[in-house]
Amino acid sequence: MFGLDSLLRFGATSRSRGARAVVTGAGSGIGRAFAQEIAARGGRVVCADIDEARATETVASIERDHPGVAHAFRCDVARREDVEILARFADAVLDGPVSLVINNAGVGIGGKPVGDIGFADWEWALGINLWGVVHGCEIFAPRLRATGRGGIINVASAAGFAAAPSMAVYNTSKAGVLALSETMAAEFSGTDIAVTVLCPTFVRTNVARDGRITTGSRDLAATLMRWTGFSPERVARLTLDAHDRGRLHVLPQPDAHLIWLLKRAFPGPYTTVAGLLERLLPQDESPTSTTAQRTGV
């Protein structure tokens with residue numbers, strides 16, 4: 001039967017099938033789902049995470065059905081040296097050159113306006129959310145060019161274009177990932193190397209709990225995740241299928257598409273309404289969390 005799933009895959013390459021992949025932030029959330037789905041598609045995967053115990057849990061979940069295809073590795077993506085060692089480790093354990101890189105590691109941060117954020121939080125979040133992706137792209141891109149085939153998936157967020165108030169650090173980091181991905185897609189055009197950038201709204205992960213987010217903002221995010229969020233597994237499958245078809249932008253949810261269109265069609269009114277809605281929400285003066293887990297966003 002030629003069903004919808006077959007139709008969506010019609011004409012797609014097998015880039016995600018049998019991939020030799022590296023996934024950062026693979027200890028939970030979207031990163032874990034990416035790693036599990038790659039293994040289910042016949043691939044081998046290095047599961048990198050700042051929390052080695054979480055990465056090992058991901059490997060254990062894969063090993064139950066696909067023994068011998070997953071490897072855990074501790075990596076702080078904010079440290080260039082860690083990502084360089086990760087690349088060498090992947091070369092050694094994947095039985096061939098890396099063909100798919102998923103720069104997923106990230107942290108949540110928000111709830112304060114510019115001027116109240118503080119440089120420490122800017123440096124912390126940009127180091128992971130933006131520099132972590134820069135490190136992954138700069139270090140792995142030459143390896144992909146050398147083999148002439150493969151792909152990079154960068155996990156950004158609808159926040160990268162939504163520009164919601166009190167989310168400046170997060171918005172800035174994800175906008176940078178979006179711009180980097182679009183630039184790399186242009187650079188790789190005409191080759192057999194694909195670049196995809198994932199821009200979801202709410203996904204049911206622990207990013208809000210583990211980030212530096214004020215209590216009110218964290219509770220609101222948790223509620224929206226619960227009622228409107230997609231599962232990480234669904235997002236991973238949709239993204240890998242889109243990557244196989246060579247798509248650059250992946251906006252998995254209808255609200256992400258709506259924000260994308262409204263922002264471009266009505267930029268002035270969009271900004272005005274976003275500011276008014278922010279003022280209608282209860283103000284939260286609680287401090288941000290000091291938890292520093294790197295998770296998929």
Set of residues satisfying side chain to side chain contact (heavy atoms under 4.5 Å, CB included) with respect to A194, sequence neighbours excluded: R15, H243
My understanding is that only residues two or more places apart in sequence, or in another chain, count here; which of them pass side chain to side chain contact (heavy atoms under 4.5 Å, CB included) with R88? E84, I85, R143
Less than 3.5 Å apart, which donor and acceptor atoms pair up between the side chains of residues 180-187 and the rest of the protein, not counting sequence neighbours?
{"unit_1": "S181", "atom_1": "OG", "unit_2": "N154", "atom_2": "ND2", "d": "3.0"}
{"unit_1": "S181", "atom_1": "OG", "unit_2": "V177", "atom_2": "O", "d": "2.7"}
{"unit_1": "E182", "atom_1": "OE2", "unit_2": "H249", "atom_2": "NE2", "d": "2.7"}
{"unit_1": "T183", "atom_1": "OG1", "unit_2": "A179", "atom_2": "O", "d": "2.8"}

With D65 via salt bridge (Lys or Arg N to Asp or Glu O under 4.0 Å) - residues at least two apart: none
List in chain and number order the residues that pass ring-ring contact (aromatic ring centres under 6.0 Å, His included) with F89, two or more places apart in sequence or in another chain; answer none if no residue qualifies. F73
Hey, could you give me each pair passing ring pair (Phe, Tyr, Trp, His ring centres under 6.0 Å) that has a residue in residues 175-195? Not counting sequence neighbours. none
Contacts of F161 meeting ring-ring contact (aromatic ring centres under 6.0 Å, His included) (sequence neighbours excluded), chain-then-number -> W260
Side chain to side chain donor-acceptor pair (under 3.5 Å) filter on T271, not counting sequence neighbours, yields none
hydrophobic_cluster_shared for L86 and V59, side chain cutoff 4.5 Å: no
Residues two or more places apart in sequence or in another chain: which of them pass side chain to side chain contact (heavy atoms under 4.5 Å, CB included) with P97? R20, T147
A55 to D49 - nearest heavy-atom pair and separation: CB-CB, 3.9 Å
According to salt bridge (Lys or Arg N to Asp or Glu O under 4.0 Å), who are the partners of R234, at least two apart in sequence or on a separate chain? none
Check whether any side-chain heavy atom of W124 lies under 4.5 Å from a side-chain heavy atom of V169, and answer yes or no. no
Salt-bridge criterion met for E233 and R237 (N-O under 4.0 Å): no
Side-chain donor-acceptor pair under 3.5 Å between S61 and Q36, yes or no? yes
Among pairs that include at least one residue of residues 153-173, which meet salt bridge (Lys or Arg N to Asp or Glu O under 4.0 Å), considering only residues two or more places apart or in two chains? none
Salt bridge (Lys or Arg N to Asp or Glu O under 4.0 Å) partners of residues 21-36, not counting sequence neighbours, each pair once: R32-E57
